[in-house]
S.K.: 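Take this structure first; my questions come after.
Throughout, protein chains are lettered first and strands after them, A, B, ... in sequence-line order, and every chain is numbered starting at 1.
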Amino acid sequence: MTNADIARVMREIAVFLDMDGVPFKPRAYEKVAYAIEAVDEPIAGIYQRGGIKAVEEIPGVGKSIAEKIVTLIDTGKLPYYEELRKKTPVDVAGLTAIEGLGPKNIKTLYQEIGVRTVADLEKAALAGKIRELPHFGEKSEQKILKGIGFLKQRSGRFPLGAVLALMSEIEARLVKVPGVHRVAIAGSIRRRKETVGDGDILVIARKPEAVMDYFVAMPEVVHVHGKGHTKSSVKLNTGMDVDLRVVPAASWGAALNYFTGSKDHNVALRRLAIEKKLKLNEYGVFRGDKAVAGKTEEEVYGVLGLPYIPPELREMTGEIEAAQAGTLPDLIGYDDVRGDLQTQTTWTDGANSIEEMAAEAQRLGREYIAITDHTKSLAMMGADEKQLRQQMKAIDKLNKGLQGFTILKGAEVNINKDGSLDIDDETLAELDVVGVAVHSHLNLPRAEQTRRVIRAMENPNADIFFHPTARVLQKREPIDLDIDAVIAAAKRTRTVLEIDAYPERLDLKDEHVRKAVDAGVKLAIDTDAHSVHHLSYLHFGIATARRGWATRADVVNALPLRGFLRSLKGGRR
DNA sequence: GCCGTTTTCGGCCCGACTGTTTTCAGTCG
């Protein structure tokens, strides 16, 4: 019984209860489903270790739901859930995935014409049976068929790196629509979540209709979900849905706050407003009928008694409490990183030379760059000790011709299966920056994998642990590491943990960054660039650092060159 | 069903759009 299994049962119970119009309980189960998905370790393990009391520690889980979770873990079944299923035996997950179908409609479809699966639904729609039902009509029938079509080609969530460019382009085009005063991207994209489900755009416009007309007719639009005076929603050819809202200038801040989310953060703000006898919605903060804030986000937070909370922190992971206590972190800024510490060149699998990479990094405003080509045990033929020495000489020569910029000698050294490194210590000691990384034996059991990387970090030459979990978003699972043990070892050995900014990696991820920051472990933010184009990806890594509450002081390559070199493990430079 | 600087009861965020409907329920975010 995995966490995902438990979460699925909780979510289905919520839907079943919604079908019967049960008040409030469904929200409780829904909340628990989200909470369980957010827990890093298996709930079964938590239960084994700490009993039912430990399960009740999960936010939103009380006595009753804890008992149900424990029953699920112990027996693999839950009578309460089985009863609900027996009453309405339908494929909840499949049917709710269809746009516009909710609990009430699913119940009607089952009771009136016996729809249990998406296949049943499609058959009924094609036979024209759905339009006959109460509260359904011809349009609902068409909408359902279209929804099934979209479901079949659904791609789920999108990596931020895959959508940010297009969204920025749409933003730029909207700015040029006549009568448009202001445009902003909101939602999870503004919070810089590593993957996003949809896009949210906010606009101030003199003639809202003109913006809406333009928006729904954009060349990328394949379907219009809805078009109104203030809100429209479309599906793009990439499969992603995008919402557009037009708001009055006086409500800009409140709307931006509302549509940036997260949902939980917004709910918490509304509760705060209620406590202060105020009402918060997307139009502003109101005392009775009188607007007391709304024009800027700062104003909205201000009347709630809070300092401005940066979007990357709005995930309901303690930011409200920190804001109230005045202990919000002074997050690292998007211009604060001075050097790039992981880059590959034509010496191994990169597309550009050392000179080209250095020139582009300098053009982007960096003060230094570490060249970290792969090492010998990698299948693609990485550098051996002799080649590394040749490269060091080449870099020395290049540095003589540079002003205000330094190329550092480095390597991305493979960690062998036993935790030893594939380059000898003598050579490593000659390098300025040694990154170590896992590229093989990705499937070792947790204890062995953890021992392996900790042994690598214990090497006095290992400055930085590159992309620690080796995950590739939506392609490769992270290696099985006891991340708390790795962070503790990083602290003990003074090894820097990397945030790999490459949008498919973002490794460490935000949650792990937060743990590292809390533990006082230093971070490096690097692009892992394999061509000059990748050098500009740094901001994705900085966003991840910000989402992990990192300040400038937590990041070694926010330091000027001398300070950065001094911050690495002592004794050899 | 959960939760508590409203704490063991009484609350639980709020509004736009759609479709089917003559005033609103359902869904979504």
S.K.: Mind running a 4.0 Å heavy-atom check of residues 41-48 of chain A against DNA chain B and sending the residues that fall below it, in number order?
M.R.: none

S.K.: NA contact type, A:Ser232, heavy-atom cut-off 4.0 Å: base, sugar-phosphate, or nothing?
M.R.: nothing

S.K.: Using the C1' atom on both, measure B:dG29 against B:dT22 and round to a whole Å.
M.R.: 28 Å

S.K.: Under 4.0 Å between any heavy atoms, over every strand shown, what does A:Glu138 touch: base, sugar-phosphate, or nothing? Just pick one.
M.R.: sugar-phosphate

S.K.: Between B:dG15 and B:dG10, how far apart are the P atoms? Round to whole Å, please.
M.R.: 26 Å

S.K.: Using the side chain to side chain donor-acceptor pair (under 3.5 Å) definition, which of the options A:Lys107, A:Arg27, A:Lys104 pairs with A:Asp18?
M.R.: A:Arg27

S.K.: Expressed as a whole number of Å, how far does the P atom of B:dC3 sit from that of B:dC13?
M.R.: 14 Å

S.K.: Can A:Glu122 and A:Leu145 be said to form a side-chain contact (heavy atoms from CB on, under 4.5 Å), step by step?
M.R.: CA-CA 6 Å; A:Glu122 186 169 26; A:Leu145 282 173; 4.2 Å; yes

S.K.: Answer yes or no on whether A:Arg11 is positioned over the face of A:Phe16, meaning its NZ or CZ is under 6.0 Å from the six-membered ring centre and within 45° of the axis.
M.R.: no

S.K.: Check whether any side-chain N or O of A:Ser64 sits under 4.0 Å from OP1 or OP2 of B:dG1, and answer yes or no.
M.R.: yes

S.K.: Which whole-number value in Å describes the distance from A:Asp264 CG to B:dC12 P?
M.R.: 17 Å

S.K.: So, applying side chain to side chain contact (heavy atoms under 4.5 Å, CB included) with A:Leu236, which one of A:Asp241, A:Asp198, A:Leu166 is it?
M.R.: A:Leu166

S.K.: B:dG15 C1' sits how many Å from A:Tyr283 OH, rounded?
M.R.: 7 Å

S.K.: Using a distance-only test with no angle check, is there a side-chain donor-acceptor pair under 3.5 angstrom linking A:Tyr301 and A:Asn257?
M.R.: yes

S.K.: Can you tell me how far C1' in B:dG19 sits from the matching atom in B:dT23, rounded to whole Å?
M.R.: 13 Å

S.K.: Measure from CZ on A:Arg27 to P on B:dC3 and round the result to the nearest Å.
M.R.: 16 Å

S.K.: With A:Lys146, which residues qualify under salt bridge (charged side-chain N to carboxylate O under 4.0 Å, His left out), at least two apart?
M.R.: none

S.K.: To the nearest angstrom, how far is A:Ile13 atom CD1 from B:dC2 atom P?
M.R.: 11 Å

S.K.: C1' atom, B:dC17 versus B:dC12: distance in rounded Å?
M.R.: 25 Å

S.K.: Give A:Lys31 one of three labels, base, sugar-phosphate or nothing, depending on what nucleic acid heavy atoms sit under 4.0 Å from its own.
M.R.: nothing

S.K.: Side chain of A:Lys68: nearest nucleotide among B:dA16, B:dG1, B:dT20?
M.R.: B:dG1

S.K.: Rounding to the closest angstrom, what is the interatomic distance between B:dC14 and B:dC9 at atom P?
M.R.: 25 Å

S.K.: Would you kindly give the CD1-to-P distance between A:Ile58 and B:dG1, to the nearest whole Å?
M.R.: 17 Å

S.K.: Taking 5.5 Å and 30° as the limits, would you call A:Phe24 and the base of B:dC2 a stacked pair?
M.R.: no

S.K.: Rounded to the nearest angstrom, tell me the gap between atom OH in A:Tyr34 and atom C1' in B:dC2.
M.R.: 18 Å

S.K.: Summarise how protein sits on nucleotides 24-29 of chain B as a single string, 5' to 3': B when a protein heavy atom is under 4.0 Å from the base, S for sugar-phosphate-only contact, - for no contact.
M.R.: --SSSB

S.K.: Verify, without hydrogens or angle tests, whether A:Arg116 (side chain) and A:Pro89 (backbone) share a donor-acceptor contact under 3.5 angstrom.
M.R.: yes

S.K.: For A:His225 and B:dG19, what is the distance between atoms NE2 and C1' respectively, to the nearest whole Å?
M.R.: 16 Å

S.K.: Cation over ring, A:Lys68 on A:Tyr80, under 6.0 Å and within 45°?
M.R.: yes

S.K.: Ignoring backbone atoms, test whether A:Ser140 places a side-chain nitrogen or oxygen under 4.0 Å from the OP1 or OP2 oxygen of B:dT20.
M.R.: yes

S.K.: Taking the cut-offs as 6.0 angstrom to the six-membered ring centre and 45 degrees off its axis, would you call A:Arg314 and A:Tyr308 a cation-pi pair?
M.R.: yes

S.K.: Any donor-acceptor pair under 3.5 Å linking the side chain of A:Asp74 with the backbone of A:Thr71?
M.R.: no

S.K.: Looking only at side-chain atoms of A:Lys25, point me to the closest of B:dT20, B:dC13, B:dG1.
M.R.: B:dG1

S.K.: Select from A:Thr230 and A:Gly137 the residue whose nearest nucleotide in DNA chain B is closer to the 5' end of that strand.
M.R.: A:Thr230

S.K.: Measure from CD on A:Glu141 to C1' on B:dT20 and round the result to the nearest Å.
M.R.: 14 Å

S.K.: Quick one: sort the A:His534 and A:Tyr537 rings into parallel, tilted or perpendicular, breaks at 30° and 60°.
M.R.: parallel

S.K.: For B:dG10, give its Watson-Crick or G-U wobble partner with both distances under 3.5 Å, or none.
M.R.: B:dC3

S.K.: So which one's nearest nucleotide on DNA chain B is more toward 5', A:Glu275 or A:Phe136?
M.R.: A:Glu275

S.K.: Taking the P atom of each, how far is B:dG11 from B:dA16, in whole Å?
M.R.: 26 Å

